[in-house]
Structure formats: C-alpha cells, structure tokens
Protein chains: 2
Amino acid sequence: MNGRSALRLAKLQEALASGGTLHLRDAAELCDVSEMTIRRDLTTQPTAISLLGGRLVMANYPGVTPIYDLTEQQASHYQAKYRLCQRAIAYIEEGDTLFIDCGSTLMPLLSQLSHFHELTVVTYALNVANAVAALPNVRLVLLGGLFYAASQSFGSDNMAAAIERLGINKALISAAGVDLERGVSCFHFHEVAPKQAAIATAMQRLLVVDASKFGVVRPAYFAALDDFDVVVTDEEGAPQLLKSNSRVVPEIVIPSVTVA
Amino acid sequence: MNGRSALRLAKLQEALASGGTLHLRDAAELCDVSEMTIRRDLTTQPTAISLLGGRLVMANYPGVTPIYDLTEQQASHYQAKYRLCQRAIAYIEEGDTLFIDCGSTLMPLLSQLSHFHELTVVTYALNVANAVAALPNVRLVLLGGLFYAASQSFGSDNMAAAIERLGINKALISAAGVDLERGVSCFHFHEVAPKQAAIATAMQRLLVVDASKFGVVRPAYFAALDDFDVVVTDEEGAPQLLKSNSRVVPEIVIPSVTVA
DNA sequence: GCGTTAATGTTAAAATTATAACATTTAGTG
DNA sequence: CACTAAATGTTATAATTTTAACATTAACGC
C-alpha cells in the first residue's frame, strides 16, 4: 500500500528535518515496522532521505550530505580549486576583515581560515556562511535579503549600503567570466551590487578565478579587470591566455598576477 | 608522527568543506595511504570529520549530520515538538508571510511547509534558513548581521527597521520562559529586537512553547503574554499550570490557548 | 650504524549492513 | 467467505565495514 509508505517517509523526514541522523533500527521502531520495510520505502518511493551506512540522513540538506560521493576525479578537480585558494590565502593576514564572494570557488579557502587567531568574514552567500559558522575563531557577518537558490546567496536593496558601513579590509571576489576588453562578469544580476560595493569599499581587491574563465563573458558585468589589485589564478600561462583571447589590449596593464 | 596525521585530516577536511561525502577508499587514495591509516587518524586526532558507514562526512556542518544519532528517546522527545508544531501549522494559510523565530522549537514546522503552494518565510536564524532554503515553494528572506553561535542567529542594529519594512502576516515566536506576571523571555539579548519588531509588525502573533517553559523566567524579557493573539502549547493543563505558577493574575486574560 | 619507537601496512576475524528469496499478513473484490 | 494481490515480515546469504593483531617501514637519538 503506497499511501502508508509515504506516510512513514513523511514521519521520518520530519524527524530528520532539524538535522541529525536516525539509525535504521530506530526508524523502524519509530514507524513500528521492520527495517526491511523502511529499506523498501526508501528504494520504492522518491524521497529526500538517503541511507548512509545504516543511518538515515537528509540528502538535500544544503551543502550537507548529498547523494553523490566525491569521486577521485571530483577530488582531483577539487585539487585545482584547492591550489587556487592556497595562493589566495597567502594574502590573508591575522585580524583581517574579509569579504568572501558567493560561488564554489572560495569554499576551499574557508576551512583554512581556522589556522588564524582572529578574523572577520563578511558574506552574502549561505554556503559560505554555513562553512564559516562552524569556525569558532572567525566572526561572521551575513548580509541578508531575499534568497536566490541558483547562487545560494542573498540580495537586497540596501546591501551596498550595508557593505559600505563595514570596514572591509580585503575583498575576495570570484567571477564566471574574465575578459580584458569586456571586463569581469558573473551569471546573476543580484550579485552585481554586493560585488561592486565590496570592490568600492575594500582596501585590497583580489580576483580569484581559475584560468578556464579567461576570455569568457557572462551576462552580468560588474568590474573592469584593473579594478582589482591582485588577480589570483592557477595556470602559468594565464596572463598570456588572457591577452591572446581578447583583441587589442596594449594599454591595459594587468595587475600583479600571482602564479606559483 | 602526529603532524602528518593532522595534515591528512586538514586535506580531507578541505575536500569535504564544500559539502559532500568521501568514501574511505577515495580518502585513502587521495592521501596516498591505506584506509587503516585514515581510520586511525580519525580515531586518534580530534576532528570535525566523522565516519558514517565507510564514508567521511563533516560532523559539525550546521544542522547537518551531527555525530549524535537520534536515539529513541530523542525521537520521542521530538514527537512532542512535532505535535506542538502540528498545532501551530493549523494557523498557517496559503500565501502567508511568516516570521519564524530562532531556536529548535519551530524546526519541525519547516518541513511541513512543503505542503503549501506558496509561502514566504522571514527569519534571522541560520538553522531555519538552511531548512527553508531546501524548500522550492517557499521564498526565504534572511535578516543578516553578526552571527551568534549560541542561538545560531544573527543580530544587527537595523534589524527592527528591516522587519518593519516587510509585510509580515503571522509571527511565530518561541520562548525559553513564560510567566504570567514576568512575561515572556529568552536567553539571548540580541534576540529581543527582532522578536519585538516581529510582534509589533505582524498581523497575527503566535507564541509557540511547550508547557515546560511555563512559570520560568529567563534573562531577556521581550513581551507580555497578552501581546500574543494565540498561545500554542502541548499540554492539556497548560493554562492552569500557567496560572498556578504565578501569584496573582485575576485581570490578565489568557488569549485563545490551543489545546488538542 | 644500531637500536628504539612511532607510524603505517597487511591480514584475518568479527560485526554490521545489504540483498534476495520466500513466508505471512492484510486489504480489497466478487 | 474465499480469492487475489499488495504489503510486510522472516530468514539466509552476500557484501561491506569495523576491529584487532601482528608485520613492516620510516624516523630519531646516541
């Protein structure tokens, strides 16, 4: 009977909603059925709950335990991101107030922040906030507003004003496209205001992008390349790539491009 | 050698920072050691990573997969919370703009919101935001500010103003203490401003508390009991309990207390 | 270099979890 | 009421994960 199966799953989902895991054994007891029935519910019905080594967890929980495992390839693709952030972290100093942009690029940076004694992170991204909230040594300021699921970030009218009120030391900005002529761009328009405000306020502006973004233009323009003090990227030939992909660029001076 | 173990864990933690799980096998390969060494790292060193059925997950991820399992007792204690929220949800209607307070009381309510077609949730709590962010049918407005880990919520100067700008329909407020004479109170002072602003703005004010909070006074007072239109609680004798625990209360009229 | 100790690897056994097959119960139908 | 089919339970078996013991390797001091 399909209906009862759905009821059980709803019950379990509600039990898991506030976080945590539930052992299959406990789940079975909670629903007063056998473990096998719970297993069958999970495989038969489409559900947000997944079974991980005998324990039920919410699969869709943000940043949480997704169904997909990081395979080796993903892990090595992660390596690239990680190295990129390793270079970026060289610019961070004790006591800094950092603006951290949304997206996945800067995520590997965050866990590294635990090595510092005291930092402040300003962000408008939920995934960034979650990662930073777990760090006891880092003060977190989240700029709220209406949530945009696509970028896991918030947008609001007075975000620019809120950013300008903060004493941001260094802005770490990510981008989806970088072109010498057409400038630096991203996908979502609501990201433009916070990025621009951070660039305007910060004492030091770092653009953190992997080389695959060079020569690419995305819908939302938010800065010229020379608005940044430093461009942190991952390939040796990145500056050349940047030049070759755009047309005429004699007068534009690339800032100090960091290449390990 | 302790140092290398820590290095490996750092590497793995960074790999997991952006969410996801890593199979023990892949973790071992990533670090170029045997699975056994990873196991030992995990048991020897204190770390935020936990092993769940052969997969590495971040244990401290907010609302995420904590190390503790919900035992039966916790699950049944959850039952109480769940029933409380079941009563609260009766007041929610299609299209509502809800203010959801911080704390764990209202968490079971959130997954129930998926049954509606369209809702808006306003909150200043990170755990609430995370749960709501996963719901495609609910618009999320997060009120940001400085993060307070103790209550998983944010505080800022202009939060009251931000709340008053929003058209909040119903405010669902939780509390740590309710006393007829001394009013409604919570633990943290930074919660007072948002709670009061929500109470001031909302068209309908619901206090959602289990009966164990009656007769209790906590440091931060934020409202009188009759500031609320509805008190949702879980025990039959709750209103009586409320009366008996305070001293003289002839003139105070308890609003419509919901008891199933 | 040698001996010592910590770190890591290997292997086998134990415990747990997953899968499959078949038995039993329950709900619905004529 | 008997019959059918879906749902659930039970059991055995396979696969995986965990634990423990011992072997091997690497680091360090003298």
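So that the names make sense, note that chain A is the first sequence line, chain B the second, and so on, each numbered from 1. Predicted, not measured: the structure shown is a model, and the values here were computed from it.
Rounded to a whole Å, the CD1 atom of A/Ile38 is 15 Å from the C1' atom of C/dT17. Rounded to an integer number of Å, the gap from B/Leu52 CG to D/dT18 P is 9 Å. The nearest whole Å value for the distance from the CG atom in B/Asp32 to the P atom in C/dG9 is 8 Å. A straight line from CE of B/Met36 to P of C/dA12 spans 16 Å, rounded to a whole angstrom. When the C1' atom of D/dT17 is taken as reference, atom CZ of B/Arg25 falls 11 Å away, rounded to whole Å. For B/Glu35 and D/dT17, the CD to C1' distance is 9 Å, given to the nearest whole Å. In this entry the distance linking CG of A/Leu24 with C1' of D/dT16 reads 15 Å, nearest Å. Here the P atom of nucleotide C/dT25 and the CZ atom of A/Arg40 are 15 Å apart, to the nearest Å.
For the atom pair B/Ile173 CD1 and B/Leu207 CG, the distance stands at 8.0 Å (nearest 0.5 Å).
Taking only side-chain nitrogens and oxygens, A/His23 comes nearer than 4.0 Å to OP1 or OP2 of C/dT17. Side-chain nitrogen and oxygen atoms of B/Arg8 include at least one within less than 4.0 Å of the OP1 or OP2 phosphate oxygen of C/dT8.
For A/Leu51, taking side-chain heavy atoms from C-beta onward, the closest of the listed nucleotides D/dG9, C/dT8, C/dA18 is C/dA18.
Checked against the 6.0 Å centroid threshold, B/Phe154 and B/Phe147 count as a close aromatic pair.
What you find for B/Glu93 and B/Lys170 is that their closest heavy atoms are OE1-NZ, 2.8 Å.
Each of A/Ser34 and B/Thr43 was matched to the nucleotide of DNA chain D holding its nearest heavy atom; the match closer to the 5' end belongs to A/Ser34.
Judged by distance alone, the side chains of B/Ser153 and B/His190 do bring a donor and an acceptor atom under 3.5 Å apart.
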